[in-house]
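Below: one structure, written as structure tokens.
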Amino acid sequence: MKSFILILALISSTFAITFNCTFEIRTVTIPLYSCQNAIVSNIDDGEILTAVYGRHMSGKTNDDVKFFYIYDASHLPFFPRTENFFPNLEAIFIQRINITALSGDEVAPFENLFFFRLDFSPLERIPGNFFDSNPLMQHIDFW
């Protein structure tokens with residue numbers, strides 16, 4: 001029984017995404033509490049974010065995170081689903097993400113999203129209704 005639990009734990013930890021965040025205030029047109037330069041580990045295509053590590057500023061929690069920023073996501077073959085950990089995002093900026101298509105599901109949970117930027121991505125396809133769930137959207141940038 002012990003070996004089964006160990007094998008199950010090893011399998012479940014292999015198919016996960018975790019972020020190690022630096023939490024601080026960062027300005028994206030306005031100052032926002034952010035998870036930035038996230039180090040991504042345990043990547044498996046199709047999985048959602050399963051854990052966030054890092055030390056929050058005094059009095060802050062994941063619910064206070066308004067800005068999600070990854071400097072180098074070149075090893076990430078899909079858009080990370082962060083809504084279970086950062087439900088109140090207003091800004092997303094990901095550089096060097098290795099994806100070719102988006103559906104709109106990636107940003108749909110964030111009705112207060114006003115800033116979205118992907119840099120250095122091989123993005124080929126994005127639907128016309130991508131931001132339908134984001135009525136406050138002001139800044140969109142694809143490089």
Side-chain angles (χ1 to χ4, degrees), residues 4-143:
F4 174 74
I5 293 172
L6 176 60
I7 291 170
L8 187 59
L10 289 173
I11 290 171
S12 65
S13 67
T14 306
F15 301 107
I17 306 168
T18 60
F19 288 144
N20 187 1
C21 294
T22 299
F23 293 103
E24 63 184 39
I25 304 296
R26 186 169 175 103
T27 299
V28 181
T29 68
I30 59 172
L32 298 172
Y33 187 59
S34 67
C35 163
Q36 65 179 21
N37 296 326
I39 298 169
V40 183
S41 60
N42 300 330
I43 300 167
D44 178 51
D45 192 14
E47 293 290 325
I48 63 169
L49 180 63
T50 55
V52 173
Y53 301 99
R55 187 172 184 181
H56 280 285
M57 294 173 68
S58 179
K60 300 286 189 183
T61 69
N62 285 349
D63 287 345
D64 296 309
V65 173
K66 304 290 186 196
F67 178 36
F68 181 70
Y69 171 60
I70 301 178
Y71 177 74
D72 184 359
S74 57
H75 53 289
L76 197 59
F78 55 91
F79 195 93
R81 299 298 301 267
T82 62
E83 62 269 18
N84 292 336
F85 286 89
F86 306 128
N88 301 310
L89 288 182
E90 296 177 10
I92 297 172
F93 182 5
I94 302 177
Q95 291 183 297
R96 297 177 183 93
I97 191 165
N98 194 20
I99 58 173
T100 57
L102 294 170
S103 69
D105 294 337
E106 300 87 354
V107 296
F110 309 112
E111 61 186 41
N112 292 322
L113 194 69
F114 73 89
F115 181 98
F116 185 84
R117 181 173 180 175
L118 293 182
D119 281 358
F120 310 110
S121 172
L123 191 61
E124 297 172 358
R125 187 171 43 90
I126 183 170
N129 63 349
F130 185 77
F131 294 107
D132 277 0
S133 299
N134 314 105
L136 303 178
M137 186 56 64
Q138 297 174 16
H139 180 96
I140 302 167
D141 195 2
F142 295 100
W143 265 48

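As a basis for the values below, the full set of heavy atoms in this structure was taken, side chains included, without hydrogen atoms, waters or symmetry mates.
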Quiz item: Can you tell me how far CD1 of Ile25 sits from CD of Gln36, rounded to the nearest 0.5 angstrom?
Solution: 10.0 Å

Self-check item: Smallest separation among heavy atoms of Ser74 and Asn98, with atom names
Solution: O-CB, 3.5 Å

Quiz item: Between Cys21 and Val52, which heavy-atom pair has the shortest distance, and what is it?
Solution: SG-CG1, 4.0 Å

Self-check item: Residue of the set His56, Arg26, Lys60 for which side chain to side chain donor-acceptor pair (under 3.5 Å) holds with Tyr33
Solution: His56

Quiz item: Does the side chain of Lys66 reach to within under 4.5 Å of the side chain of Asn88, using non-hydrogen atoms?
Solution: yes

Taking only distance into account, with no hydrogens and no angle test, what donor-acceptor pairs under 3.5 Å do side-chain atoms of residues 125-143 form with protein atoms, sequence neighbours excluded?
residue : atom : partner : partner atom : Å
Asn134  : ND2  : Val107  : O            : 3.0
Asn134  : ND2  : Phe110  : O            : 2.6
Asp141  : OD2  : Arg117  : NE           : 3.2

Exercise. Rounded to the nearest 0.5 Å, what's the gap from SG on Cys35 to CZ on Phe67? Could you check?
Key: 10.0 Å

Quiz item: So do the side chains of Phe68 and Phe19 get within less than 4.5 Å of each other, counting heavy atoms only?
Solution: yes

Self-check item: Minimum heavy-atom distance Leu76-Pro80, with the two atoms named
Solution: CD2-CD, 3.7 Å

Practice problem: Would you confirm whether Thr100, through its side chain, and Pro122, through its main-chain N or O, come within 3.5 Å as a donor-acceptor pair? | Solution: no

Quiz item: Quick one: does NZ or CZ of Arg96 land under 6.0 Å from the six-membered ring centre of Tyr71, within 45 degrees of the ring axis?
Solution: yes

Quiz item: Relative to each other, are the rings of Phe86 and Phe23 parallel, tilted or perpendicular (30° and 60° limits)?
Solution: perpendicular

Quiz item: For Phe120, does the CZ atom have more than 12 heavy-atom neighbours from other residues, nucleotides or ligands under 6.0 Å away?
Solution: yes

Self-check item: Nearest heavy-atom neighbours spanning Val28 and Phe114
Solution: O-CZ, 3.8 Å

Quiz item: What closest approach, in Å, do Pro77 and His75 show between heavy atoms, and which atom pair accounts for it?
Solution: CD-O, 3.3 Å

Self-check item: Phe79 and Ile94, any side-chain heavy atoms less than 4.5 Å apart
Solution: yes

Self-check item: Nearest-0.5 Å distance that lies between atom OG1 in Thr82 and atom CD1 in Ile70
Solution: 9.0 Å

Quiz item: Under the 3.5 angstrom rule, does the side chain of Asn112 hit a backbone N or O of Glu90 as a donor-acceptor pair?
Solution: no

Quiz item: Where do Phe115 and Leu32 land on the side-chain contact (heavy atoms from CB on, under 4.5 Å) test, with the steps shown first?
Solution: CA-CA 12 Å; Phe115 181 98; Leu32 298 172; over 6 Å; no

Practice problem: Answer yes or no: is there a side-chain heavy-atom contact under 4.5 Å between Val65 and Leu89? | Solution: yes

Self-check item: Gap between atom CG of Leu118 and atom CD1 of Ile97 - 0.5 Å precision
Solution: 6.5 Å

